[in-house]
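Protein chains get the first letters and strands the later ones, always in sequence-line order, with residue 1 at the start of each. We use all heavy atoms of the structure for the numbers below, so side chains are in, but hydrogens, waters and symmetry mates are not.
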Protein chains: 2
Amino acid sequence: MARSEVPDIVVGRLPIYLRALIRLHSEGHEITSSHELAQILGISSAQIRKDLSYFGEFGKQGTGYHVATLSAELQRILHVDREWQVALVGVGDLGRALARYGGFAHRGFRISLLFDNDPEKIGQVINDMTIMPAEQIPQVVRAHGLKIAMIATPADAAQETANLLVEGGIRAILNYAPIAISVPKDVHVQYIDPVAHLQRMAYYLD
Amino acid sequence: MARSEVPDIVVGRLPIYLRALIRLHSEGHEITSSHELAQILGISSAQIRKDLSYFGEFGKQGTGYHVATLSAELQRILHVDREWQVALVGVGDLGRALARYGGFAHRGFRISLLFDNDPEKIGQVINDMTIMPAEQIPQVVRAHGLKIAMIATPADAAQETANLLVEGGIRAILNYAPIAISVPKDVHVQYIDPVAHLQRMAYYLD
DNA sequence: TAGATTGTTAATCGATTAACAATC
DNA sequence: TAGATTGTTAATCGATTAACAATC
């Protein structure tokens, strides 16, 4: 089935499957099944099988899935069978923590460029990376060929930052600023707003 | 309409609407419309009107919505017209950044208890909060009457941490550990895994 | 073989959208 | 009034699930 026909909501579940598979692998499981994955993740086995069927046939009737194989297939499908270099804009408390956090590089996304527009911060070094002025984003990002960026600026600066990133050739943005940004149709944006998650849960509390 | 009939996906969009309204308010807008909000957020105006209709009638035909009023209504509906105290478990790089991050308290969620199971960290003070041993979670959380917690431990410790939190009476968990946790049906869980977002976008890159 | 699980189809379920009467 | 926008209905669209033949 052609790539363009896969619903984005299905693509969004693949990383969850991959995460579970990597964990199973690290725990020594060689084989799993849609039922076991469903149990672990709290979703239906039918959904897992249907999601995977968009991309091929990875299982064996009566047996299930080979953990290492399916894991590798998902990494290939998601294009995470390589290391991606990522630009990070905004080195406040949050940005600093993201720059230091080991969980990205460990899973294939290495933050390799830091930008900020505060003259006090420019030139500082974090994790061997020197903070550069935001105005240089277009040229530096393009020179390094980066395609992915994170925005950790205040909300006020997010749209302007996104414009600079797009100008530099960025095609995927993880936005930590609590504001919607607008970008060309061929640029992907994902949002992380922990407070929105907390508010959503507060609805169900007394 | 009874609370239980509101789809969770609708509840999940209310914080996004609220965020946009607060921003409009701060920019001096007194009135807005479903069309303007739709434009800002990149969703349809019909969806915004339909979502709001689950909770009442907040607009005026021909005019739109009074920003401050709708904002206050959404805060009331979401139960964020108060300050929630939040427990944070796991004070590594990520947890430390969360504890310091001003964006929570500013929007009604104050981190007020810190826990870790590393003897080196116990007793340390961050933002006037003393890190306490994880084993004391049940009693301390219950004594303070907290209902919301964040998990920022390694994946290995997340399930055990969730168990302790539930034992202490926690009813909503924001889980930063990259692993699914299982909790009783009346406990809500939201996940934040930035790498999953990056992987999802990588699918669309060459 | 008998038992188990996949991949897939068709049915069901739920969410989104278009359209418009009501009305400010 | 004329123009604009809401709240709501019905239709459309899309996602999830149940069920089972195929087959390991």
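The pair A:D193-A:R200 does not count as a salt bridge, with every side-chain nitrogen at least 4.0 angstrom from each carboxylate oxygen. Residues B:R100 and A:D93 are not paired through a salt bridge, judged by the lack of any N-O separation under 4.0 Å between the basic side chain and the carboxylate. Under 4.0 Å is where a charged nitrogen must lie from a carboxylate oxygen, and between B:D206 and A:K147 no such pair does. With respect to A:D116 and A:R96, no salt bridge is recorded, no charged nitrogen being found less than 4.0 Å from a carboxylate O.
Residue-to-nucleotide proximity on DNA chain D shows that, of B:G62 and A:K50, the 5′-proximal contact is made by B:G62.
Contact annotation for A:S45: no contact, since no heavy-atom pair falls under 4.0 Å across all strands.
A donor-acceptor pair under 3.5 Å is formed between the side chain of A:H79 and the backbone N or O of B:L205.
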Query - side chain to side chain contact (heavy atoms under 4.5 Å, CB included) between B:H197 and B:I192, worked out - result: CA-CA 9 Å; B:H197 288 291; B:I192 291 188; 5.9 Å; no
Requested in this report: May I have the step-by-step check of side-chain hydrogen bond (donor to acceptor under 3.5 Å, both in side chains) for A:N163 and A:Q159, ending in yes or no?
Outcome: CA-CA 6 Å; A:N163 297 346; A:Q159 181 62 60; 2.9 Å; yes
Report summary line: With both pairing distances under 3.5 angstrom for Watson-Crick or G-U wobble, and | for a partner in another strand, the correct string for DNA chain D is ..||||||||||||||||||||||
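Take A:Y17 and apply the ring pair (Phe, Tyr, Trp, His ring centres under 6.0 Å) test, not counting sequence neighbours, and it matches no residue.
Heavy-atom contacts of chain B under 4.0 Å fall on DNA chain D between two terminal nucleotides, which in 5' to 3' order are D:dA4 to D:dT9.
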